[in-house]
Structure formats: structure tokens, C-alpha cells
Amino acid sequence: MRGSLIAAGLMLLAGHGVAASGFRGEIGGGYIDGSSGISGYQIPEPGEPGEPGEPGEPGGSPGLSEDYDGWQINGRLYLDTVDDAGGPARLRPFLNRASHVGMGYRTLESDSGVDADSWRIDTRLIWNAWVAEAEFGQADAGFQGVEADADAWRAAVGYYVARGTQLRGAYETLDGDGGFDTSRYAVDVTHVQQLSNGMTWSVNALAALVDEDTAFGSDDGTDVELTLDWFFNDAFGIGTALRFADRDDGADADSWEIYGDYWVTEKISLRLAYYEQDVDDAGLENDAWTFDVIYRR
């Protein structure tokens, strides 16, 4: 319901009309609907949310599952006008090397009463071909008076080796309650290739080293992420994101996402995405649908 109100508000804003030459900012809102659970034969770890799982076989536990929903809002203010032409609408800030400051907020609530809220602020600054990024955010979750919080920040430096190709290195850290800390050193490359027939494809490949510390000790590992997009024209594109997390002692995790977005006008975009995650050994599963609307002005 709240996500629908956000989408309706954005559509009303669009009715005021703007010049088609470019945009200086964008605001987006969306609705999230998902389920999470612990499959059969698994003993839930303290503090883990219940997620939907397969029923246990004879002699096993039945598993725990529940649904959740929520909404999110985010926005960006570009430091200069971004051109409304030259490549797929979704990629124009990247192709035009647009600097921005941004923010985001998300809230989720499960059937059992678990509340989770998160917010972030970020900036991306570009001069000549150099890129500098910084981001800070917080997340908190609560259930029946028990609260857990985490702080996260990220810093990155990149360089455009060509108009549609960027190399980047980043350091990310997460500091949570109970002695849970994670540090990640990541490098990634993004490439956008525009074809003569009006179509475009893009790819982002990331590799990272991860160091996790908990109250029970430390755990190292690696992350690999691959995002592929195909744009049939400047208005319509589809894509998928694959993520693989490998840990020496902890549970490995795999996730995938498929999505599509359509720009109804140069200023209004509709996006639908589906996400699934599996955490090996722990028996955790998560899936969600997300619908987003973006308005540029």
C-alpha cells in the first residue's frame, strides 16, 4: 500500500512537465514483497530471521518460514545537467560521467513482527576521467524489544579508460552489534558497448577479498559478482545479476536476480525485479519481488 502511494506521488510530479533537454535530479520509490525461511533439518541460529524452506522429510524438522513486505525511496542530485540523449536512459549518468550526491531509505516488516530499517547517503565525483566515491549507511532490526544495529561505509577510486569502460577499486566495511565486523577489498570493471543496430549491452564483473570477524573467531573468503544487461533500445532493457560468496569456515552463499525496466517517457521509468538467495549449510533461503518507479527532473 505504502509503495503504491509513493508510485502515485511520482506520477503526479511527472504531470508538471519538464524540458526534454536534460535532468538535474531523480527520485525513486518502490514496493518490496518477499519471503524468507530456514529449510527442514536445520537448527536456526540465534537472531536469524525465519525464511521459507522446503518441508522437512520424515524424521526431520518442518522448517520455519514467513513473509515480509516494505517500501523504499531514494534520490540523486546531479552536480550538472545530464544529457537526455546518447545511449540507454538507465545508463546516461554513467556514460555522461555525471557527479552526484544521493540518499536512500528502506523499511521492511515481517509477519512475525520483525522490523528492519536502513538508510544511506552517497556521493560520486568525477573530474576528467577520474572517479571518487564515498558512502555511509546504518541498519537496525528489532523484534519484541530486542534491537540490533550495524554501520557501513565504503570508499572507492576509479578511472574511465574509455567512454564506456570504467575500472574501480573499493574498500567496504560493516560494523555490527555482537562483535560482527566485515571488511571487503573489491576491484571491478564496467563496460558498455553500443551497437550499430541501436541495441546496447553492458557488463560489470567484480572480485573481492573478504575478512569477517565474529564473537567466535575470524573467517576469510572471496566474493564474485557478475551483472549482464541487454538494451533492445534506449527505453527498454533487461538484465541479470549473479553473486557467489565463498567462506573458508562459514556458510557459502549464492544469489541471482533478474530484472527489466522500461522508460515510459524520457523522465519516468518502471522497473520490476525478482531476487533469490541461498546460504549453504545454514539452510537459509530468501526471495523477493521489487517494483520501482523513477522520475527525473
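Note: H100 and Y78 have perpendicular aromatic rings, judged against thresholds of 30 and 60 degrees for the angle between ring planes. Ring geometry for W230 versus F232: interplanar angle over 60°, hence perpendicular rather than tilted (30 to 60°).
A donor-acceptor distance shorter than 3.5 angstrom exists from the side chain of T173 to the backbone of T182, with no hydrogens or angles considered. For the pair N96 (side chain) and A98 (backbone), a donor-acceptor distance under 3.5 Å is absent. Remark: side-chain polar atoms of N197 are paired, donor with acceptor, to backbone N or O of M199 under 3.5 angstrom.
Taking the side chain as every heavy atom from C-beta outward, F244 and W256 never approach each other to under 4.5 Å. In this structure, the side chains of D292 and Q72 come closer than 4.5 Å at one or more pairs of heavy atoms. D261 places none of its side-chain heavy atoms less than 4.5 Å from the side chain of Y259. For the pair D175/W153, no side-chain contact is recorded, criterion being any heavy-atom separation below 4.5 Å from C-beta on. Between I258 and I238 the shortest side-chain heavy-atom distance does not fall below 4.5 Å. In this structure, E133 and R168 have side chains that are in contact, with non-hydrogen atoms separated by less than 4.5 Å. E212 has its side chain within reach of V210: a pair of non-hydrogen atoms, C-beta onward, lies under 4.5 Å apart. You'll find the side chain of W263 reaches within 4.5 Å of the side chain of I294, heavy atoms only.
Look at R296 and D84 and you find no salt bridge, because none of the NZ, NE, NH1 or NH2 atoms lies under 4.0 Å from a carboxylate O. Ion pairing between a basic and an acidic side chain is recognised when a charged N comes within 4.0 Å of a carboxylate O; R154 and D122 show no such pairing. The pair D211-R247 does not meet the salt-bridge criterion, since no charged nitrogen lies less than 4.0 angstrom from a carboxylate oxygen.
In this structure, Y105 has its ring center under 6.0 Å from that of W71.
We find the OG1-OH distance between T240 and Y274 to be 12.5 Å, quoted to the nearest 0.5 Å. Of the inter-residue distances, the one linking D69 atom CG with D67 atom CG reads 8.5 Å to the nearest 0.5 angstrom. Taking CZ of F94 as the start and CD of Q166 as the end, the distance is 5.0 Å to the nearest 0.5 Å. Summarising the geometry, atom CD1 belonging to I32 is positioned 14.5 Å from atom CH2 belonging to W289; distances are rounded to the nearest 0.5 Å. Distance CD/Q138 to CG/D117: 11.5 Å, rounded to 0.5 Å. Rounded to the nearest 0.5 Å, atoms CG (D188) and CG (N204) are 4.5 Å apart.
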Margin query: With side chain to side chain donor-acceptor pair (under 3.5 Å) as the criterion, how do Y68 and E66 come out once you've worked through the C-alpha distance, each side chain's angles and the decisive distance to 0.1 Å?
Written below: CA-CA 7 Å; Y68 63 88; E66 65 175 334; over 6 Å; no
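Y160 carries R97 over the face of its six-membered ring, with the cationic atom under 6.0 Å from the centre and within 45° of the normal.
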